[in-house]
Amino acid sequence: MADRVGGSDDGDKSEWNSDGEVARSLDGAGSPIAPSRNKLKDAPGPSLLVNGAGPSASLVEDFVGMGLIKGNGDGGAESLLELLLAYKAIGNDPSLDKSSASVCGPRTICDDKDILANWDAHDASTSSDRDHASDDSGDEDFLQGLSQKDEKIESLVRMGFPKDEAEMAIVRCGQDAPMSVLIDLIYSSEASEDGYYGNFSGHEDDSFGGRKEKRKRSEDAEQGSSHDEPMPLPNPMVGFNLPNVSLRSVDRSLPSKAIGPPFFYYENVAIAPKGVWTTISQFLYDIQPEFVDSRFLCAAARKRGYVHNLPIENRSPLLPLPPKTIFEAFPHTKKWWPSWDPRKQFNCLLTSMAKPKLTEQIHHALAKCKDPPPRRVQKYVLETCRTANLVWVGLNKVAHLEPDEMEFLLGFPKDHTRGIGRPERFKSLGNSFHVDTVAYHLSALRDMFPHGMNVLSLFSGIGGAEVALHRLDIRMKTVVSVEISETNRFVLRTWWNQTQTGTLIEITDVQSLTTERLESCIRRIGGFDLVIGGSPCNNLAGRNRFHRDGLEGEQSSLFYHYYRILDTVKSIMGRM
DNA sequence: TGCATTCGGATATTGTCT
DNA sequence: AGACAATATCCGAATGCA
């Protein structure tokens, strides 16, 4: 076993119990919360109804306002807007068969045989065998254009859109158009075509006003030549409020279209390329994101933005409060911590491990000089320790955090990810929620759902949302979890079977969550009370040097999946 | 302008199994 | 020996702030 926190000598005051719960006892005598498990009765039925749903209507005019239209070199925003409006007018082609949306390869593992059978009926072969390689190309430009177009069509089809509509959207917008534009173009055509998106009288007027507003804003912004209106990050990054801290009262009025059901909660990295959060916010019903750095709640930084329609009053943190400093979290490191290392907290816990040789190099560098080492050496060591989150575990000896230490810092039960590969553990944990932060936000729901809730968990990862709800003592009647990684599903499944009595329905591929399946599921379980998830940030993360292309990259279509699914759920539930 | 921070990815190397 | 998996190493820039 790794020489985790402390040893035999008084050091280890942070402990996990064997029940899979997190227990934090700084004084050794405190009684950690232990959610009373499995004691709630089944309480079926919809739990909450707020206002009527405000489903998204056609967003054509939004394209300009949202700054999503980049110069394609073919006429600019004005003419493209005309094009989009024209498409909207002719977009109601009855020959388009929505039900034919091709659906590939959902591999559903679930406890509910009925739902499983229903969804498995849609099973089809995967399309992963597509090969882009084309060695004998005669005309590279032509082929490249073709492949780009095909790729986008395929992506849209994988997302559940009819192929006809995907093709038409690309014809209208051009193959260089961002995925977001294509998606909303298809949405806009659907809006005026079927009841899910477009039959809400009054909403049309309302959103038209909103669109005009956005368009005007965009025109104003265009003086500055950029479509990307920046979203300023708060400093300090404390969100709307914090536990046990009285901040200025936040006047947060949700747009009417943002009010549930269901409640929803979306998360992503705070420091994203310019314009990304503006776009995310505008897609998610113009809700102002809540930016929080988890360093105010635990010993590690984690700057994230959260877009949600949860109430922000009556929040309460998980108890016991997690340690906020490195020494409190890992007291044994104090013995070896040099006075010239001023760190009190960790930087963001990342997905990959620093090279092990750093330990050797730092030890070597320090062993060569006297006790306070020269400034130059100090600077090198500090810089390395900061970027790699190294801790002092011996004389002149630093080490990377162990996976179980990351579990602890992030609020997961001990050994939550144990049993999978070490690099997988780092990756999954680095991609995870900070449980205490999310639980603090979700805590407002506790009293609203005394009989439990149904949850749609998108991009679940290792189940940060589920763990947060569990630690809040909120019962999960049914969780439909979408997660592509088998390893992560294994982690969530094993945790679920040990701690929960509700039903976990696993979905591998977000693309398989079509409108039909969502509707079927919603009717079976009585609706979702919470849609929660953070879309993968590969295209947004600061550490990514290769494909940091905001919301236009291929993988960022996952955000639009979130949007599509959320909007569909809102629409269906708005009619219930 | 300089500094600190950042839910990463491609490739090379080593380890393991058959 | 060779396929495959696991691990190790190398690589940079966008963003915001002082």
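Only heavy atoms go into these numbers, but all of them, side chains included; no hydrogens, no water, no symmetry mates. Reminder, nothing fancy here: chain letters follow the sequence lines and each chain counts from 1.
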Taking OP1 and OP2 of [N], is either one under 4.0 Å from a side-chain nitrogen or oxygen of [X]?
X	N	result
Asn347(A)	dT5(B)	yes
His547(A)	dA10(B)	yes
Asn538(A)	dC7(B)	no
Asn544(A)	dG12(C)	no
Thr351(A)	dG8(B)	yes

For Cys537(A), answer base if it contacts any base atom (sugar-phosphate contacts may also be present), sugar-phosphate if it contacts only those atoms, and nothing otherwise; contact means non-hydrogen atoms under 4.0 Å.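 Here Cys537(A) touches the bases of the nucleic acid.
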
Taking any heavy-atom pair under 4.0 Å as a contact, classify Lys427(A): base, sugar-phosphate, or nothing.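 If one applies the 4.0 Å heavy-atom cut-off, Lys427(A) turns out to touch nothing in the nucleic acid.
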
Test applied, salt bridge (charged side-chain N to carboxylate O under 4.0 Å, His left out); reference residue, Glu407(A); option that passes from Lys414(A), Arg425(A), Arg418(A):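 That would be Arg425(A); it is the only one of Lys414(A), Arg425(A), Arg418(A) passing the salt bridge (charged side-chain N to carboxylate O under 4.0 Å, His left out) with Glu407(A).
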
Can you tell me how far [atom2] of [N] sits from [atom1] of [X], to the nearest Å?
X	N	atom1	atom2	result
Glu267(A)	dC7(B)	CD	P	10 Å
Phe291(A)	dT5(B)	CZ	C1'	16 Å
Lys303(A)	dT6(B)	NZ	P	5 Å
Arg543(A)	dA13(C)	CZ	C1'	12 Å
Asp293(A)	dC7(B)	CG	C1'	13 Å
Asn488(A)	dC7(B)	CG	C1'	12 Å
Leu233(A)	dT5(B)	CG	P	16 Å
Lys355(A)	dT14(B)	NZ	C1'	17 Å

Against Ile507(A), only a single residue in Leu458(A), Ile484(A), Leu456(A), Val482(A) fulfils side-chain contact (heavy atoms from CB on, under 4.5 Å); can you say which? Val482(A)

Tell me which nucleotide among dA8(C), dT15(C), dT5(B) gets nearest to the side chain of Pro356(A).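 The closest nucleotide is dA8(C).
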
The nucleotide from dG9(B), dG16(C), dT6(B) with an atom nearest the side chain of Lys274(A) is dG16(C)

Check: dC7(B) base within 3.5 Å donor-acceptor of Arg304(A) side chain: yes

For dA8(C), which nucleotide in any strand shown is its Watson-Crick or wobble partner with both distances under 3.5 Å? dT11(B)

Of Ala272(A) and Gln361(A), the one whose nearest nucleotide on DNA chain C sits closer to the 5' end is Gln361(A)

Below 6.0 angstrom between ring centroids: does that apply to Tyr266(A) and Phe559(A)?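 Here the rings of Phe559(A) and Tyr266(A) have centres that are less than 6.0 Å from each other.
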
Expressed as a whole number of Å, how far does the C1' atom of dC17(C) sit from that of dC7(B)?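 Pairwise C1' distance, dC17(C) against dC7(B), rounds to 22 Å.
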
Measure the shortest side-chain to side-chain distance between Leu318(A) and Leu472(A) over non-hydrogen atoms and say whether it is less than 4.5 angstrom.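 Counting from C-beta outward, Leu318(A) and Leu472(A) do come under 4.5 Å.
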
Hey, which of these two, Asn431(A) or Lys379(A), hits DNA chain B nearer its 5' end, going by closest nucleotide? Lys379(A)

For side chain to side chain donor-acceptor pair (under 3.5 Å), just list the numbers for His441(A) and Tyr265(A), CA-CA rounded to whole Å, side-chain angles, deciding distance to a tenth of an Å, and then say yes or no. CA-CA 9 Å; His441(A) 293 158; Tyr265(A) 189 84; 2.7 Å; yes

Does the side chain of Asn389(A) pick up a donor-acceptor pair with the side chain of Asn347(A) at under 3.5 Å? no

